[in-house]
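Heads up: the structure comes next, in structure tokens.
Worth knowing before you read on, the calculation uses all heavy atoms, side chains too, and leaves out hydrogens, waters and symmetry mates.
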Amino acid sequence: MSEEKESLNFIEHIIEEDLRTTHEKSDLCFRFPPEPNGYLHIGHASSICLNFGLGEKYSAPVNLRFDDTNPAKEEQEFVDAIKRDIEWLGFTWAKECYASDYFQQLYDWAVQLIKEGKAYVDSQSSEAIAQQKGTPNTPGTASPYRDRSVEENLELLEKMKNGDVGEGAHVLRAKIDMASPNMLMRDPVMYRVLHKHHHRTGTHWKIFPMYDWTHGESDYIEQVSHSFCTLEFLPHRELYDWFLDQVYDNNKLRPKQREFARRNLSHTVVSKRKLAKLVEEGVVTGWDDPRMPTISGLRRRGYTPDSIKNFADSIGVGKRENLIDVSHLEFNVREDLNKKAPRVMAVLDPVKLVITNYPEGETEWLEAENNPEDESAGNRNIPFSRELFIEREDFQEEANRKFFRLTLDKEVRLKNAYIIKGERVVKDSEGNITEIHCTYDPKSRSGSGTEESMRKVKGTLHWVSVAHAIPAEVRLYDRLFTEPAPDAQKEKDFMEFINPDSLQVITAYVEPSLKDAQPEDSFQFQRLGYFVVDRDSTEDNLVFNRTVALRDSWAKLA
Ligand code: ATP
Ligand code: MG
């Protein structure tokens, strides 16, 4: 028990304290509240894992609430994508809610506030209102419309709602305190007029509630017990509470807002607005481009739900913002795929290897283990013949003693096959190696049980049989930005740090067992990394995305 206590994070401490003092376990209810103005990204995964994780831990409902109060930026496409991503991660929401479902209730409460003298219609421009806000050290100035009569306020709000006035003509403001040290309390705007089509309410509403007016009241309507948001909302908490005070009924549960630190990932940007820019400007092919830090991009890149959840859990929740190195995310996907991904052989940069003492025209089907980490994965047979492709960088004509790959007069093992010895090279007129000739030891076949098969040689190479290999398009992805924190650079826009080499497309040769591989199937290309079948893949043109190399190639550069 005490051990369990020690591992609680500060959010869980808040809940445990509430359970001891004010709340029943059955009171607990959480929500994840995305605005449907883009696709979910890896930062959201932290919030999703936090909220749904608490739901699982306390057997409490977790609502999916779309914070859809800005028709200018929100779309059904994003609603659908968000639902798909959360489902894919493996979480189930209790209710699917929309802030727009509460527009009538919010409006009725706004009318009540006007009647109580706690809200008024301001007819100034937004610039004038901003100017009167004052500074943190100097109080703001009251609007000349602050003391409008209740009747006039009601009449104007009605007109705003019906679309009888243009955008920007009036706003509804809460009448709180123009001298509050918290600038957000200086008569914040509750409603603005927008004559835009909303993806759910159509043209019915001409006024739309602001975030602060909507969020806490939505939590209250849904009886959410704990509303967790990121730290920039800390100063909003006072306003959250003020708005709740106006409608709170003692018999009901009162939601509380608590804040945790945003998680940022290195070499990318985690902001829907910035990601939208990458899409709009064609830097990437879409929200699900495998270079994007979106959930759907990571999915297409070959990340598994477990790898993302393990990543989120391992960085945990905290009170201080920090930049998590992307290598940590990569570590998690390697860990997971190491357990799950079948091993296969593929050659990315081929050079032909001819085994001169192997019979021409013969094919042997050699047994190979699918996954040494998972016995139940079984075995498969791979074809071996006289002409193979090996990786160009696995051969050196003149090598030093530390080169444990193929060179002349030295032996190496071909994975799952025989020991070979380099004999000579064939070059074209420009001196490029076109063929490597070698001989093999017929008694050294892996697993054959002979003395020769147990012989230890330094170095094992992967290979594919030229006659049987399937050409495949392989997309090699790299970091999208060259800077660890592209959006935190002084006087420079994040767009200036785009890595020009974030995608390289090559033709590789893969073993024939991959012929029927389906989109989202992941494999370890032995000695190279993890690769996933892309959804662009067809029967005639296999397409693989490199999820991650076997080792972190950036670590040694740093
Ligand atoms: P963005 O700037 O990308 O649009 P947001 O915070 O405006 O992010 P919302 O759709 O409003 O996006 O966020 C839904 C939930 O996810 C919120 O509770 C928000 O605090 C949380 N969230 C968003 N980004 C992060 C992040 N980087 N780390 C942790 N939580 C995040
Ligand atoms: Mg937002």
Side-chain angles (χ1 to χ4, degrees), residues 33 35 37 65 67-73 99-100 102-103 105-148 150 152-154 156-157 160-161 165 167-194 205-221 227 229-248 254-259:
E35 181 181 355
N37 62 344
R65 159 136 34 89
D67 217 334
D68 57 344
T69 55
N70 185 357
K73 291 201 233 146
S100 56
Y102 313 138
F103 282 176
Q105 173 68 80
L106 289 168
Y107 182 80
D108 294 343
W109 276 331
V111 167
Q112 178 197 318
L113 257 68
I114 290 178
K115 288 181 180 164
E116 291 170 359
K118 289 173 178 165
Y120 62 98
V121 172
D122 196 337
S123 307
Q124 302 181 95
S125 68
S126 53
E127 293 76 23
I129 293 175
Q131 255 167 20
Q132 291 162 359
K133 275 255 151 149
T135 69
N137 303 317
T138 54
T141 314
S143 162
Y145 300 100
R146 201 172 197 259
D147 292 317
R148 258 181 171 145
V150 169
E152 196 182 357
N153 280 323
L154 289 175
L156 284 170
L157 182 66
M160 287 163 66
K161 179 183 79 134
V165 302
E167 290 190 5
H170 313 287
V171 291
L172 183 75
R173 296 176 72 179
K175 196 173 185 177
I176 308 180
D177 179 5
M178 287 306 288
S180 170
N182 182 349
M183 302 275 287
L184 292 165
M185 300 298 281
R186 296 184 185 175
D187 291 10
V189 174
M190 294 169 66
Y191 276 102
R192 66 241 198 259
V193 177
L194 286 175
W205 288 93
K206 314 288 185 195
I207 54 171
F208 289 89
M210 302 300 286
Y211 173 89
D212 288 306
W213 171 233
T214 313
H215 207 90
E217 315 311 273
S218 302
D219 287 338
Y220 181 58
I221 293 168
S227 179
C229 59
T230 36
L231 269 180
E232 70 273 22
F233 288 100
L234 183 59
H236 294 246
R237 199 204 278 183
E238 192 180 353
L239 183 53
Y240 180 101
D241 286 331
W242 190 90
F243 278 137
L244 273 186
D245 285 340
Q246 310 315 312
V247 303
Y248 180 59
R254 189 184 164 103
K256 48 164 81 172
Q257 172 187 306
R258 289 296 179 268
E259 307 78 17

Original post:
What are the two closest heavy atoms between Tyr240 and Gly216, and how far apart are they?
Top reply: CE1-CA, 3.3 Å

Original post:
Can you find a heavy atom in the side chain of Trp213 that is under 4.5 Å from one in the side chain of Trp109?
Top reply: yes

**OP:** For residues Pro144 and Gln132, determine if any side-chain heavy atom of one lies less than 4.5 Å from a side-chain heavy atom of the other.
**Re:** yes

**OP:** For side-chain contact (heavy atoms from CB on, under 4.5 Å), just list the numbers for Glu259 and Gln257, CA-CA rounded to whole Å, side-chain angles, deciding distance to a tenth of an Å, and then say yes or no.
**Re:** CA-CA 7 Å; Glu259 307 78 17; Gln257 172 187 306; 2.9 Å; yes

Subject >> Worked check of side-chain contact (heavy atoms from CB on, under 4.5 Å) between Trp242 and Ile176 >> reply: CA-CA 9 Å; Trp242 190 90; Ile176 308 180; 3.6 Å; yes

Original post:
When rounded to the nearest 0.5 angstrom, what distance separates NZ in Lys161 from CG in Leu172?
Top reply: 13.5 Å

Subject >> Contacts of Asp177 that satisfy salt bridge (Lys or Arg N to Asp or Glu O under 4.0 Å) - sequence neighbours left out >> reply: none

**OP:** Kindly state each residue pair satisfying salt bridge (charged side-chain N to carboxylate O under 4.0 Å, His left out) with at least one member in residues 107-118, sequence neighbours excluded.
**Re:** Glu116-Lys118

Original post:
So, Asp68 side chain and Ser100 main chain: donor-acceptor pair closer than 3.5 Å or not?
Top reply: yes

Subject >> Under 3.5 Å side-chain donor-acceptor pair for Asp187 and Tyr120 >> reply: yes

Subject >> Set of side-chain hydrogen bond (donor to acceptor under 3.5 Å, both in side chains) partners for Lys206, sequence neighbours left out >> reply: none

**OP:** Please confirm whether the backbone N or O of Met190 pairs with a side-chain atom of Arg173, one donor and one acceptor, at under 3.5 Å?
**Re:** no

Subject >> Val193 side chain reached by Val165 side chain, heavy atoms, under 4.5 Å >> reply: yes

**OP:** State, yes or no, whether a side-chain contact exists between Tyr220 and Val247 at a heavy-atom distance under 4.5 Å.
**Re:** yes

**OP:** Grab the two heavy atoms, one from Arg186 and one from Pro181, that are nearest each other, plus how far apart they are.
**Re:** NH2-CA, 4.3 Å

Subject >> Test item: Val121 and Glu152 side chains (from C-beta on) under 4.5 Å apart, heavy atoms >> reply: no

Subject >> Closest heavy-atom pair and its distance - Pro235, Asn182 >> reply: O-ND2, 2.9 Å

Subject >> Separation between CG of Asp212 and CE of Met185, rounded to the nearest 0.5 Å >> reply: 10.0 Å

Subject >> Pair Ser126-Arg192, side-chain donor/acceptor within less than 3.5 Å >> reply: no

Original post:
What heavy-atom pair brings Ala99 and Thr69 nearest, and what distance separates the two atoms?
Top reply: CB-CG2, 4.1 Å

Original post:
Can you tell me if Gln105 and Glu217 form a side-chain donor-acceptor pair at under 3.5 Å?
Top reply: no

Original post:
Can you check whether Leu194 reaches Ile207 side chain to side chain, under 4.5 Å on heavy atoms?
Top reply: no

Subject >> Euclidean distance, Ile129 CD1 relative to Thr141 OG1, rounded to 0.5 Å >> reply: 12.5 Å

Subject >> Sequence-distant partners of Phe208, ring-ring contact (aromatic ring centres under 6.0 Å, His included), two or more places apart >> reply: Phe103, His198

Original post:
Does the Asp122 side chain pair with the main chain of Tyr145, one donor and one acceptor, at a distance under 3.5 Å?
Top reply: no

**OP:** Taking the side chain as every heavy atom from C-beta outward, state whether Phe233 and Arg258 have any atom pair closer than 4.5 Å.
**Re:** no

**OP:** Hey, could you give me the SG/CG distance between Cys229 and Leu234, rounded to the nearest 0.5 Å?
**Re:** 8.5 Å

Original post:
For His215, which residues count as a ring-ring contact (aromatic ring centres under 6.0 Å, His included) partner, sequence neighbours excluded?
Top reply: Tyr211

Original post:
About how many Å separate NE2 of His170 and CG of Asn153, when rounded to the nearest 0.5 Å?
Top reply: 10.5 Å

**OP:** Run the salt-bridge test on Asp241 and Arg254 with the 4.0 Å N-O cut-off and return the result as yes or no.
**Re:** yes

Original post:
Donor-acceptor pair, Thr135 side chain versus Thr138 backbone, under 3.5 Å?
Top reply: yes

**OP:** Determine whether the side chains of Gln124 and Ser143 contain a donor N or O and an acceptor N or O closer than 3.5 Å.
**Re:** yes

**OP:** List the atom of Pro188, the atom of Lys133, and the distance in Å for their closest heavy-atom pair.
**Re:** CA-NZ, 4.3 Å

Original post:
Taking C-beta and beyond as the side chain, do Ile114 and Arg148 meet within less than 4.5 Å on heavy atoms?
Top reply: no

Original post:
Does Lys256 have any salt bridge (Lys or Arg N to Asp or Glu O under 4.0 Å) partners at least two apart in sequence or in another chain, and if so, which?
Top reply: Asp18

**OP:** Hey, could you give me the CG/CH2 distance between Leu106 and Trp205, rounded to the nearest 0.5 Å?
**Re:** 8.5 Å

